[in-house]
Asks: 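Handing you a structure now.
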Amino acid sequence: HVQLGESGGGLVQAGGSLRLSCAASGLTFGSYAMGWFRQAPGNEREFVAAISRTGTRTYYADSVKGRFTISRDNAKNTVYLQTNSLKPEDTAVYYCAATCRDGLGTLGRDYDYWGQGTQVTVSS
């Protein structure tokens, strides 16, 4: 069965960086576009970034553009989210997701599989 496992979260001071990873198994990774979403307490889940199957196309939420970078290594079945210049408002549980649909979806319903999430906490 399909499994997505996030790692790399933690506590960091404002201005710091974290590199999140999401390892996938049980699917043909190169056939899936991948996305990152986040959800803060009391808030709805929101789109962060997406990357195409081959990694040639990416798309970002305005709130993270210029600070976050999504990438993937299809040989390692892993997608990454490099987060720089972190702000307290970036505090959330970060989830990776996979979709067999072509394109860079920004809605949760665009995705077929989800990980369990990794907590990112940014202190001021």
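Reckoned from all heavy atoms, side chains included, excluding hydrogens, waters and symmetry mates. This structure is a prediction, so every number in the text was calculated from the model and none was measured.
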Asks: Any chance you could measure T121, atom OG1, to L86, atom CG, to the nearest 0.5 Å?
Replies: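 Rounded to the nearest 0.5 Å, the OG1-CG separation comes to 10.5 Å.
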Asks: Among all residues two or more places apart in sequence or in another chain, which pass the side-chain hydrogen bond (donor to acceptor under 3.5 Å, both in side chains) test with D112?
Replies: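 For D112 the side-chain hydrogen bond (donor to acceptor under 3.5 Å, both in side chains) partners, ignoring immediate neighbours, are R101.
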Asks: Shared ILVMFWY cluster between V122 and F68, side chains joined below 4.5 angstrom?
Replies: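 Yes, one cluster joins them.
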Asks: Taking only residues at least two apart or on different chains, which pairs with a member in residues 46-124 satisfy disulfide bond (SG atoms under 2.5 Å apart)?
Replies: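 Qualifying pairs: C22-C96.
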Asks: How close do T118 and G9 get, heavy atom to heavy atom, and via which atoms?
Replies: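 Minimum heavy-atom separation between T118 and G9: OG1-N, 3.2 Å.
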Asks: Only distances under 3.5 Å count here; give the side-chain donor-acceptor pairs of residues 26-36 to other protein atoms, sequence neighbours excluded, each with its distance to 0.1 Å.
Replies:
from : atom 1 : to  : atom 2 : distance (Å)
W36  : NE1    : Y80 : O      : 3.4

Asks: Could you give all pairs that pass the salt bridge (Lys or Arg N to Asp or Glu O under 4.0 Å) test and reach residues 66-78, with sequence neighbours left out?
Replies: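 Every pair satisfying salt bridge (Lys or Arg N to Asp or Glu O under 4.0 Å) with a residue in residues 66-78: R67-D90.
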Asks: Report yes if some heavy atom in the side chain of T91 is under 4.5 Å from a heavy atom in the side chain of Q119; otherwise report no.
Replies: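 A side-chain contact under 4.5 Å exists here.
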Asks: Hey, quick one: are V12 and L20 part of the same hydrophobic cluster, counting side-chain heavy atoms closer than 4.5 Å, chains of contacts allowed?
Replies: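 Linked, V12 and L20 end up in one cluster.
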Asks: With a 4.5 Å cut-off on side-chain heavy-atom distances among I, L, V, M, F, W and Y, is there a chain of contacts connecting V2 to V79?
Replies: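 In one cluster with V2: V79, yes.
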Asks: Hey, could you give me each pair passing ring pair (Phe, Tyr, Trp, His ring centres under 6.0 Å) that has a residue in residues 94-124? Not counting sequence neighbours.
Replies: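 Every pair satisfying ring pair (Phe, Tyr, Trp, His ring centres under 6.0 Å) with a residue in residues 94-124: F37-Y111, F37-W114.
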Asks: Is the number of heavy atoms from other residues, nucleotides or ligands under 6.0 Å of Q116 CD greater than 12?
Replies: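 For Q116, atom CD is not crowded (no more than 12 foreign heavy atoms under 6.0 Å).
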Asks: Cluster question for you: counting only ILVMFWY and a side-chain heavy-atom cut-off of under 4.5 Å, with indirect links fine, are L4 and V93 together?
Replies: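 As far as the 4.5 Å side-chain criterion goes, V93 and L4 are not connected within one cluster.
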Asks: Residues two or more places apart in sequence or in another chain: which of them pass side-chain hydrogen bond (donor to acceptor under 3.5 Å, both in side chains) with E46?
Replies: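 For E46 the side-chain hydrogen bond (donor to acceptor under 3.5 Å, both in side chains) partners, ignoring immediate neighbours, are R38.
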Asks: Using 0.5 Å steps for rounding, measure from the OG1 atom of T69 to the CG atom of L81.
Replies: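 With rounding to 0.5 Å, OG1 (T69) is 8.0 Å from CG (L81).
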Asks: So which pairs with a foot in residues 42-81 pass disulfide bond (SG atoms under 2.5 Å apart), sequence neighbours left out?
Replies: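 Pairs touching residues 42-81 that pass the test: none.
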Asks: In chain order, what residues pass the side-chain hydrogen bond (donor to acceptor under 3.5 Å, both in side chains) check against N84, with sequence neighbours excluded?
Replies: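 S17, Q82.
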Asks: R19: what forms a side-chain hydrogen bond (donor to acceptor under 3.5 Å, both in side chains) with it, not counting sequence neighbours?
Replies: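 In terms of side-chain hydrogen bond (donor to acceptor under 3.5 Å, both in side chains), with neighbours along the sequence ignored, R19 is linked to no residue.
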Asks: Which pairs with one or both residues in residues 25-88 pass disulfide bond (SG atoms under 2.5 Å apart), sequence neighbours excluded?
Replies: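 The answer is none; no pair qualifies.
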Asks: Is there a chain of hydrophobic side chains (I, L, V, M, F, W, Y, each step under 4.5 Å between heavy atoms) that links F47 to Y60?
Replies: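 In one cluster: no.
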Asks: Once you round to the nearest 0.5 Å, how far does CG of D110 lie from CG of L104?
Replies: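 With rounding to 0.5 Å, CG (D110) is 10.0 Å from CG (L104).
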Asks: Test of understanding: with side chain to side chain contact (heavy atoms under 4.5 Å, CB included), list the residues that count as partners of S124, not counting sequence neighbours.
Replies: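 P88.
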Asks: Can you sort out the partners of S7 under side chain to side chain contact (heavy atoms under 4.5 Å, CB included), two or more places apart, ordered by chain and number?
Replies: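 Checked S7 against side chain to side chain contact (heavy atoms under 4.5 Å, CB included); matches are S21.
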Asks: Working to the nearest 0.5 Å, report the span between CG of L107 and CZ of R45.
Replies: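 It is 9.5 Å, given to the nearest 0.5 Å.
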Asks: Would you say that V120 contacts T83 through its side chain, given a criterion of any heavy-atom pair below 4.5 Å between the two side chains?
Replies: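 Heavy-atom side-chain distance check fails, nothing below 4.5 Å.
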